[in-house]
Amino acid sequence: MATQAAPTLEDFRQEVRTWLEANCPASIRNKPRGMDTSFWGGRNPVYPSDDHKLWFERMAERAWTVPTWPAQYGGGGLDAAQGRVLKQEMARLGAPEPLSSLGIMMLGPALLKFGTEEQKLEHIPLIAQGKIRWAQGYSEPGAGSDLASLTTRGEDKGDHFLVNGQKIWTTYGHKADMIFTLVRTEPDAPKHQGISFLLIDMAQDGVNASPIRMISGNEHFSQTFFDDAVVPMANVVGERGKGWDVAKYLLTFERSMMGESIGGAAGKTLAESALEMLGKDGLAREPGLRGEVTEIMMETWGIQIASERLFDQGKAGQVSPFSPNVLKLLGTELATRRTRAMMSLGGFDNLAVDGRDAYEWLQAPPNCIAGGSNEVQMNVISKRALELPEHK
Ligand SMILES: Cc1cc2nc3c(=O)[nH]c(=O)nc-3n(C[C@H](O)[C@H](O)[C@H](O)COP(=O)(O)OP(=O)(O)OC[C@H]3O[C@@H](n4cnc5c(N)ncnc54)[C@H](O)[C@@H]3O)c2cc1C
């Protein structure tokens with residue numbers, strides 16, 4: 001009897017392509033990515049549209065909200081190569097992320113590495129199914145770049161910590177259900193060693209997130225106050241007092257994600273937009289702009305190739321610990337230039353109506369600050385990766 005050949009990656013690609021075609025509603029394909037077109041999950045979910053809800057439910061049923069996370073915690077169980085195929089096929093179809101979530105982008109990977117079995121079983125499936133919306137509570141009014149100077153404190157009360165202090169720039173803290181946060185629990189230890197990584201429910205007494213209104217009128221951030229908030233000892237991720245290790249590990253995901261998704265943005269390229277907006281003849285009359293478009297396109301490809309290489313290095317266990325810093329720095333700087341060029345192409349028209357270009361243009365500079373400012377990334381790269389002498 002002839003034995004059946006094991007399915008190849010190409011077979012998997014065909015299967016995924018067919019499934020996506022059949023299950024991703026046409027109305028949500030190729031839409032600009034933004035806060036209003038994304039689904040963020042949570043206890044009180046708000047879907048951008050009925051079709052997005054359907055899309056999310058279908059993807060969540062296959063656990064393809066987190067395709068490469070382990071199946072025993074509610075993940076899709078795909079290997080890295082299959083995960084990449086799924087991503088490529090979604091991009092090809094213009095399918096949106098079914099679920100945008102700091103739980104997926106940041107907390108999940110840290111929990112999978114540092115969490116206890118109980119913590120994984122409790123939180124990972126809820127992240128995968130979009131049931132809990134997470135926020136990140138790192139920065140404080142006196143501790144941004146110098147994060148380890150944070151002063152939010154947790155007093156040991158036996159079976160729980162009593163947490164007091166303030167966080168700031170908490171992205172959508174006022175909409176989140178839970179927050180992963182850095183708290184000083186060992187006041188006498190050196191500053192990097194006295195911090196614990198705590199999971200805190202935002203619905204409890206003693207936690208209050210008040211939105212910060214920006215000049216645009218938007219409220220993307222909150223200040224988050226802890227006033228005698230009770231946090232069970234079981235909510236410490238990793239070892240008590242060693243939260244800095246968890247925090248740093250989590251930041252590598254945040255930074256890689258920012259570098260990849262921003263620098264190598266999918267969708268219409270700058271060259272395609274330039275041709276569409278100015279026409280071939282118009283663009284031919286603008287040598288400066290042509291040069292800029294070419295440079296940005298080449299650098300975008302460079303970042304995409306670098307990301308592919310990092311993926312392969314990661315598989316081979318040879319990835320540099322500084323690659324997230326480099327990727328974040330290059331990706332966010334490039335996004336700033338790319339979106340500025342896009343705005344010059346469209347002129348005033350680009351400020352109007354659907355606002356996609358304007359949204360990305362306004363979002364790019366803040367991303368040079370979020371996840372640790374680019375000046376700080378340069379310090380890390382020069383000092384630790386290149387071992388250059390410090391500025392005196
Ligand atoms: C869009 C966005 C989203 C964010 N979301 C979150 C969130 O969800 N949760 C959270 O905890 N935080 C969040 N942050 C906060 C972010 O992490 C901090 O803003 C960032 O780490 C910088 O800290 P800071 O604002 O206190 O600036 P500071 O540390 O005061 O820095 C001010 C300026 O000085 C420069 N600088 C500081 N130190 C050095 C140095 N040693 N060498 C050279 N230059 C230096 C910085 O580059 C910066 O330009 C977000 C920020 C932004 C912009």
Side-chain angles (χ1 to χ4, degrees), residues 33-35 38 40 42 100-107 110 133-152 163 165-184 191-192 195 197-200 202 207 209-216 218-226 243-244 246-248 250-255 257-259 261-262 324-325 328-329 331-333 335-336 339 359-384 386 388-392:
R33 196 169 150 230
M35 288 296 171
S38 304
W40 291 87
S100 303
S101 130
L102 301 200
I104 295 178
M105 293 184 252
M106 304 183 201
L107 179 64
R133 184 167 177 173
W134 284 90
Q136 178 186 38
Y138 278 22
S139 309
E140 296 185 1
S145 299
D146 185 11
L147 185 59
S149 294
L150 60 93
T151 59
T152 295
V163 175
Q166 180 192 349
K167 298 288 172 181
I168 196 164
W169 311 128
T170 320
T171 298
Y172 285 119
H174 49 298
K175 299 199 172 177
D177 305 309
M178 294 196 69
I179 185 163
F180 52 89
T181 188
L182 299 176
V183 173
R184 189 163 301 287
K191 70 177 184 179
H192 289 87
I195 295 169
F197 189 103
L198 301 187
L199 307 178
I200 303 182
M202 298 197 72
V207 183
S210 67
I212 301 172
R213 174 156 294 201
M214 295 185 296
I215 195 166
S216 62
N218 288 330
E219 294 179 341
H220 282 182
F221 300 110
S222 75
Q223 306 186 73
T224 310
F225 298 95
F226 301 101
W244 192 247
V246 186
K248 277 193 305 181
L250 183 146
L251 279 172
T252 63
F253 287 88
E254 181 176 3
R255 289 172 182 158
M257 178 268 300
M258 290 175 79
S261 64
I262 297 162
N325 306 79
K328 195 261 169 179
L329 173 68
T332 54
E333 296 290 335
T336 304
T339 53
Y359 174 84
E360 289 192 348
W361 171 59
L362 292 172
Q363 193 55 32
N367 281 328
C368 295
I369 303 170
S373 78
N374 284 359
E375 289 79 10
V376 169
Q377 305 311 310
M378 281 192 271
N379 282 348
V380 172
I381 295 162
S382 64
K383 195 168 144 190
R384 297 216 233 110
L386 304 175
L388 298 177
E390 272 192 72
H391 177 68
K392 299 262 185 236

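Indexing begins at 1, ligand by ligand and atom by atom, following the structure's order. This chain uses plain numbering: 1 for the first residue, then up along the sequence. What you see below is based on every heavy atom in this structure, not just the backbone, and it leaves out hydrogens, waters and symmetry mates.
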message: Considering I369, T171, D146 one by one, which has a heavy atom nearer to atom 5 (N) of ligand 1 than any of the others?
response: T171
message: Return the closest protein heavy atom for atom 26 (O) of ligand 1 as residue, atom name and distance.
response: G144 CA, 3.2 Å
Considering all heavy atoms, the nearest S149-A143 contact: C-CB, 3.9 Å
field: Side-chain heavy atoms of I179 within contact of T170, under 4.5 Å
entry: yes
- prompt: Tell me, which protein residue and heavy-atom name are nearest atom 15 (C) of ligand 1, and how many Å apart are they?
  reply: S139 OG, 3.2 Å
query: Can you tell me which residue and heavy atom of the protein come closest to atom 39 (C) of ligand 1, and the distance to 0.1 Å?
result: V376 CG2, 4.2 Å
task: Would you mind checking which non-hydrogen protein atom is closest to atom 27 (O) of ligand 1, with the distance to 0.1 Å?
output: S145 OG, 4.3 Å
- prompt: What protein heavy atom sits nearest atom 25 (O) of ligand 1, and how far away is it?
  reply: W169 NE1, 3.9 Å
- prompt: Which residue holds the protein heavy atom closest to atom 46 (C) of ligand 1, what is that atom called, and what is the gap in Å?
  reply: S373 OG, 3.4 Å
task: Kindly give the heavy-atom pair with the smallest separation between S210 and F225, and that separation in Å.
output: OG-CE1, 3.8 Å
Closest to atom 9 (N) of ligand 1 among M378, E254, E375, Q136 (heavy-atom distance): Q136
- prompt: When you measure from the side chain of K328 to the backbone N and O of G259, does any donor-acceptor pair fall under 3.5 Å?
  reply: no
- line: Under 4.0 Å between heavy atoms, the region of N379 that gets near ligand 1 turns out to be side chain
field: For Q166 against E140, the heavy-atom pair lying closest together
entry: O-CG, 3.2 Å
message: Given A143, P366, A370, identify the one with the heavy atom nearest to atom 51 (C) of ligand 1.
response: A370
query: Which of parallel (below 30°), tilted (30 to 60°) and perpendicular (above 60°) describes F180 and W134?
result: tilted
task: Answer yes or no: is there a side-chain heavy-atom contact under 4.5 Å between R184 and K191?
output: yes
